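Down below is the structure, laid out as structure tokens.
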Amino acid sequence: MSQSIPSEIPVIDLRPFVEGDEAGSRAVAAEFDRACRDLGFVVVVGHGVPQDVIEAAHRTSRAFFDLDLAARERYAAPPGGFVGYRGLGAEGLAYSLDQESVPDLKETYTVGRIDRDDDPYFTSPVGRMYMPDPTWPTEVSGFAGAWTEFYRAMDRVATELMRAFAVSLALPRGYFDDKIDRSISCVRALNYPHQSTPAQPNQLRAGAHTDYGSLTLLSMDDAPGGLEVQRDDGSWAAVRVPPEAFVMNVGDLMAQWTNDHWRSTMHRVANPPPDAQGSTRRQSLVFFHQPNYDAEVVPLPSCCGPDDPPKYARTTSGEHLFMKMTKAKNLNV
Ligand SMILES: O=C(O)CCC(=O)C(=O)O
Ligand SMILES: [Fe+2]
């Protein structure tokens with residue numbers, strides 16, 4: 001594994017949780033509890049997603065971003081929507097924290113939940129807003145299949161992680177199951193184009209932010225100018241891992257559920273160094289795990305006490321997501 005994983009980011013093998021006995025599960029859950037209280041970032045191995053599924057999602061994404069701009073723009077998000085293509089300069093993640101900033105140096109393609117049936121949860125106007133139909137790029141052969149398989153695989157990993165989180169928090173293993181069984185998660189490919197001229201002052205590939213949902217899983221390719229995680233003292237730790245390992249981080253909703261016992265840690269994507277040789281293009285694939293839109297999020301009683309009153313008012317997964325997406329200009333207007 002790459003030497004650039006800072007030693008403060010623990011590597012956790014998920015397999016003993018999924019396949020192991022009670023003791024194995026508890027040991028993995030304890031590791032998550034420690035890591036989520038501490039930095040809020042983990043490298044997850046043993047996640048069970050076949051490498052060819054990860055590679056196919058990366059390959060088809062790269063082919064999409066290689067299409068000419070007119071073709072990419074045919075898949076632009078509809079007005080008010082967040083799925084489909086968003087071009088360079090469309091959004092700025094620092095805005096989600098009310099920071100004045102310049103837009104991010106990235107372009108994106110996003111799909112929402114793919115598997116839906118005729119239950120009103122999915123077919124109602126609200127359901128369709130959270131889970132719009134994907135517009136698959138037909139120019140890239142195999143795109144829809146590769147992304148569908150990737151989405152389903154990532155959703156399975158996230159479900160196991162949420163079970164590990166439940167055990168970590170001394171809750172029944174299935175505590176979160178009925179809050180995430182119709183999750184409104186997204187898969188998003190991010191292309192950070194080669195930078196041939198220096199960025200504007202304060203302009204980054206992705207501005208500092210926290211993620212909005214329960215947890216995020218990330219697969220990245222190895223390129224200069226990448227993910228950085230903020231330490232307690234304000235300094236930034238660079239994180240580079242092979243594409244087959246996932247970086248997992250705690251999102252806002254897990255922080256709210258745990259009354260800030262766990263941390264939704266600030267992170268950003270840095271520009272390549274000015275002396276980087278060759279192409280500095282970078283691609284990442286992100287699975288933003290977001291509970292069912294109507295799942296209520298209130299600090300768990302086990303994370304509150306007389307000296308630890310609830311820090312957050314009740315919200316729902318859907319309300320929090322749209323509040324953040326509106327601020328960050330994730331919605332096409
Ligand atoms: O591309 C990356 O490494 C991270 C992107 C990210 O943090 C985000 O889009 O929320
Ligand atoms: Fe993020």
Side-chain angles (χ1 to χ4, degrees), residues 2 4-6 9 36 39-44 54 57-58 61-62 65 77 82-83 85-97 99 101 103-112 150 154 158 185-195 199 203-230 236-255 262-272 280-290 320-321 324-325 327-331:
S2 161
S4 40
I5 302 176
I9 300 191
C36 296
L39 195 63
F41 269 76
V42 170
V43 175
V44 177
I54 301 171
H58 269 288
S61 302
R62 203 166 289 116
F65 292 119
F82 61 93
V83 299
Y85 176 69
R86 309 234 38 229
L88 215 53
E91 65 183 48
L93 287 178
Y95 308 144
S96 69
L97 297 171
Q99 308 280 317
S101 188
D104 296 339
L105 289 168
K106 67 178 189 213
E107 54 182 340
T108 60
Y109 178 89
T110 307
V111 293
F150 184 72
M154 298 306 271
S185 307
C186 295
V187 170
R188 178 174 243 205
L190 295 111
N191 181 48
Y192 302 95
H194 171 64
Q195 291 183 15
Q203 191 170 36
L204 292 172
R205 286 185 144 174
H209 66 283
T210 60
D211 289 347
Y212 318 154
S214 22
L215 64 90
T216 304
L217 287 163
L218 175 76
S219 163
M220 63 178 77
D221 67 11
D222 189 23
L227 179 66
E228 296 185 339
V229 177
Q230 193 164 38
W236 296 92
V239 186
R240 266 159 84 176
V241 301
E244 62 274 14
F246 297 140
V247 176
M248 192 285 296
N249 60 290
V250 172
D252 294 346
L253 294 181
M254 258 345 280
W262 289 8
R263 302 195 17 208
S264 180
T265 306
M266 201 85 113
H267 54 284
R268 64 183 189 181
V269 182
N271 294 317
T280 56
R281 179 179 178 179
R282 175 179 186 269
Q283 178 169 283
S284 60
L285 293 179
V286 191
F287 183 76
F288 293 108
H289 186 247
Q290 185 78 34
H320 182 75
L321 176 66
K324 283 294 215 175
M325 288 204 300
K327 286 187 179 184
K329 306 189 185 164
N330 297 125
L331 306 173

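Here the structure is a predicted model, which means the values were calculated and not measured. Atoms within each ligand, like the ligands themselves, are counted from 1 in listed order.
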_Ligand-side contact atoms (ligand 1) for residue partner His267, heavy atom cut-off under 4.0 Å_ =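 The list of qualifying atoms is 7 (O).
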*asked:* As an exercise, identify every atom of ligand 1 less than 4.0 angstrom from a heavy atom of Ser284.
replied: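 Matching atoms, with element in brackets: 1 (O), 2 (C).
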*With respect to Asn191, which candidate in Lys106, Gln283, Arg282, Arg281 satisfies the side chain to side chain donor-acceptor pair (under 3.5 Å) definition?*
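That would be Arg281.
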Please write down residue, atom name and distance for the protein heavy atom closest to [atom].
| atom | result |
| --- | --- |
| atom 3 (O) of ligand 1 | Arg282 NH2, 2.9 Å |
| atom 4 (C) of ligand 1 | Val269 CG2, 3.6 Å |
| atom 9 (O) of ligand 1 | Phe288 CZ, 3.7 Å |
| atom 5 (C) of ligand 1 | Tyr192 OH, 3.5 Å |

With a 3.5 Å distance limit and no angle check, can you tell me whether [X] reaches the backbone of [Y] through a side-chain donor-acceptor pair?
| X | Y | answer |
| --- | --- | --- |
| Gln195 | Asn271 | no |
| Arg205 | Gly225 | yes |
| Ser214 | His289 | yes |

_Degrees at the Fe ion (ligand 2) between the NE2 atom of His267 and the NE2 atom of His209, nearest 10°_ =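 Computed angle, vertex at the Fe ion (ligand 2), rounded to 10 degrees: 90°.
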Part of [X] with heavy atoms under 4.0 Å of ligand 1, whether side chain, backbone, both or neither:
| X | value |
| --- | --- |
| Thr216 | neither |
| Leu218 | side chain |
| Arg268 | neither |

Can you find a heavy atom in the side chain of [X] that is under 4.5 Å from one in the side chain of [Y]?
| X | Y | result |
| --- | --- | --- |
| Val83 | Val111 | no |
| His267 | Asp211 | yes |
| Tyr192 | Ser284 | yes |

*Of the choices His209, Glu228, Arg188, Met220, which has the non-hydrogen atom that lies closest to atom 10 (O) of ligand 1?*
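Checking each option, the heavy atom nearest atom 10 (O) of ligand 1 is found in His209.
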*Strictly by modelled atom types, are Asp252 and His320 linked by a side-chain donor-acceptor pair under 3.5 Å?*
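Note: Asp252 and His320 side chains meet the donor-acceptor criterion.
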*What is the name of the N/O/S atom in Asp211 that sits closest to the Fe ion (ligand 2)?*
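Result for Asp211 and the Fe ion (ligand 2): OD1.
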